[in-house]
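In what follows, every heavy atom counts, from backbone to side chain, and hydrogens, waters and symmetry copies are set aside. Here is the naming used below: chain letters follow the sequence lines, and residue numbers restart at 1 for every chain.
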There are 2 protein chains.
Amino acid sequence: MNSQPAAHDVFLDVFDNAPQRNLAAGEVLINAGAPADNVFNILSGMLMVSRTGGDGRRQVLSFLVRDNFVGLTSTDAYFFTVEAVMATRVACRSRRALTDRLASDPESERTFLDMMFRVLEDAFDLVYSLGQRTSIERLAVFILYMRHWKRLSGDIGDDLDPVLNEVQLPMNRVDIADFLGLKKETVSRSFRQLEDRGLVHRADHHHVQILDLMTLRQLAGISDFASPRHIKSV
Amino acid sequence: MNSQPAAHDVFLDVFDNAPQRNLAAGEVLINAGAPADNVFNILSGMLMVSRTGGDGRRQVLSFLVRDNFVGLTSTDAYFFTVEAVMATRVACRSRRALTDRLASDPESERTFLDMMFRVLEDAFDLVYSLGQRTSIERLAVFILYMRHWKRLSGDIGDDLDPVLNEVQLPMNRVDIADFLGLKKETVSRSFRQLEDRGLVHRADHHHVQILDLMTLRQLAGISDFASPRHIKSV
DNA sequence: CGGACCATTGAAGCCTATCAAGACTTGTGG
DNA sequence: CCACAAGTCTTGATAGGCTTCAATGGTCCG
């Protein structure tokens, strides 16, 4: 099974020859509330999309990697914050440039719509996790989620390729916790449980090795993520 | 402030003269896993979209009312179940009929895309609730959510119109619990807390009266829902 | 009027959060 | 290269919130 033809070509080429920007780890790309004038495409690195309540509680909505897309909203202001998890390079275009492109090219608009559906399905996956799964199950899903991305970004066809068992987690524990609706201490303890059960091994804070994929998937309650997804947006 | 021009006209007219179907309370419209051949538009009543895990845990993804839209996915099979919460009437069209319509009419496609963004933002609202809010806060948000819909469906301009304080909850406690990521007993107890604090009054199982809107909103952490939303889809 | 279903309430237990301390990693400067 | 300092992660003890289990009460419908 090989990866689907890159939807890349169909509308992401608005970003060809676009101005680029380099972000350092922790640097903010989009502030919630700012006018939604620009859209971005990730060339390398990782971005984190989050929403923070008036009292400071923060929910991470998604982590985005290469070829993913950020910035569109239905309103004129961003309702989320986007910051770099690690050193990241993005391409920048005005919102108008993208909407004009979509308006003038029906095929690209359809592709874009397809992408939106996959993003929505991802959001519902997260809803299911937060509403129904326990802390250790959420972490298992998260690790498999990261593994899945590695597979896509590396264009690795074989689902069981051993290199996929070396998973990188560039974000810190608080970021993971805020994504999974937990506290950092609970994330640590859940990692420990996964280790004690022999499912994973923590090489260091940012590298996890999957030791028992089958059981991990069983715990997560998923065989694998639905379909290859190269592109994502918020 | 009056309601925005009904997006209705722009693409929902695919459902004009479409065959209709009446659903009794509890009747299933879409089974998860079935081929995604049809799309539906709600004419009256209320539908509930949910996803159930292999072990039986169920997460309600959304409740849908009049003029909302159900059935599109990025894959060829529905990944959710849709059933009627109360007696409901829907209009039915083939998936093709809708996609053809969108393909042939750029304006309708753009409107559709806008709707998708609002749906996605709603999904992120739910993510925030499930990840960060306590049980009583989630219930407060939910009640305000239902109030908001009443306002939209009744085309009530004044945000403080007293009739809006009589909120109907057609679904049962388990449905609410599965939507909010709680158990039915916790929903009951949270209702009680809201009553004890003098924020709401339970007339019966399906009717709630808001007594202190300002404090309820403060508890929910929202002034109001972002923008008028007539249409929604899954 | 009786039965079934749904909702509420109570008591006890479990999971996650909170508070607090210690270990490790990373980066800096001597 | 080592020592130190800052930040992050982990671990432990305790507390709190939600769930589970169980029983009562209420409502709708036959």
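- Checking C:dT9, D:dC18, C:dT16 against the side-chain heavy atoms of A:Leu182 singles out C:dT16 as nearest.
- Rounded to the nearest 0.5 angstrom, A:Glu166 CD and A:Gln168 CD are separated by 9.5 Å.
- At the phosphate of D:dT10, OP1 or OP2 sits under 4.0 Å from a side-chain N or O atom of A:Ser188.
- A donor-acceptor contact under 3.5 angstrom links the side chains of A:Glu121 and B:Ser74, judged on distance only.
- Closest to the side chain of A:Lys183, out of C:dA17, C:dT16, C:dT8, is C:dA17.
- Heavy atoms of B:Arg202 sit under 4.0 angstrom from primed sugar atoms or phosphate atoms, though from no base atom.
- Side-chain contact between A:Arg118 and A:Met115 is present, with heavy atoms from C-beta onward closer than 4.5 Å.
- Near DNA chain D, defined here as any heavy-atom distance below 4.0 Å, the residues from residues 189-200 of chain B are B:Arg189, listed numerically.
- The distance between atom CG of A:Leu139 and atom P of C:dT16, rounded to the nearest whole Å, is 11 Å.
- Residues A:Val208 and A:Phe191 meet the side-chain proximity criterion, which asks for heavy atoms closer than 4.5 Å.
- Between A:Lys150 and A:Asp161 there is no salt bridge, since no side-chain N of the basic residue sits under 4.0 Å from a carboxylate O of the acidic one.
- Within the 4.0 Å cut-off from OP1 or OP2 of D:dC18, at least one side-chain nitrogen or oxygen of B:Ser135 is found.
- The CD1 atom of B:Ile176 sits 14 Å away from the C1' atom of C:dT8 (whole-angstrom rounding).
- Here the P atom of nucleotide C:dT16 and the CG atom of B:Leu130 are 15 Å apart, to the nearest Å.
- When the C1' atom of D:dG17 is taken as reference, atom CD1 of B:Ile136 falls 12 Å away, rounded to whole Å.
- When distances are taken from the side chain of B:Thr134 to each of D:dT11, C:dT8, D:dC18, the shortest belongs to D:dC18.
- A donor-acceptor contact closer than 3.5 angstrom is absent between the side chains of A:Gln59 and A:Arg51.
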Tell me, for nucleotides 22-30 of chain D in 5' to 3' order, what letter each nucleotide earns: B for a base near a protein heavy atom under 4.0 Å, S for only sugar-phosphate near one, - for neither?
---------

Candidate pair A:Leu169 and A:His207, rule side-chain contact (heavy atoms from CB on, under 4.5 Å), full reasoning
CA-CA 6 Å; A:Leu169 308 175; A:His207 292 83; over 6 Å; no

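- Whole-Å rounding puts the A:Asn172 CG to C:dT25 P distance at 17 Å.
- No salt bridge links B:Asp196 with B:Arg189; every basic N to acidic carboxylate O contact stays at or beyond 4.0 Å.
- The nearest whole Å value for the distance from the CG atom in B:Asp178 to the P atom in D:dT19 is 11 Å.
- Going from atom CG of B:Leu180 over to atom C1' of D:dC18 covers 13 Å, rounded to whole Å.
- Note: B:Phe179 and B:Tyr145 have parallel aromatic rings, judged against thresholds of 30 and 60 degrees for the angle between ring planes.
- The distance between atom CG of A:Leu169 and atom P of D:dT10, rounded to the nearest whole Å, is 11 Å.
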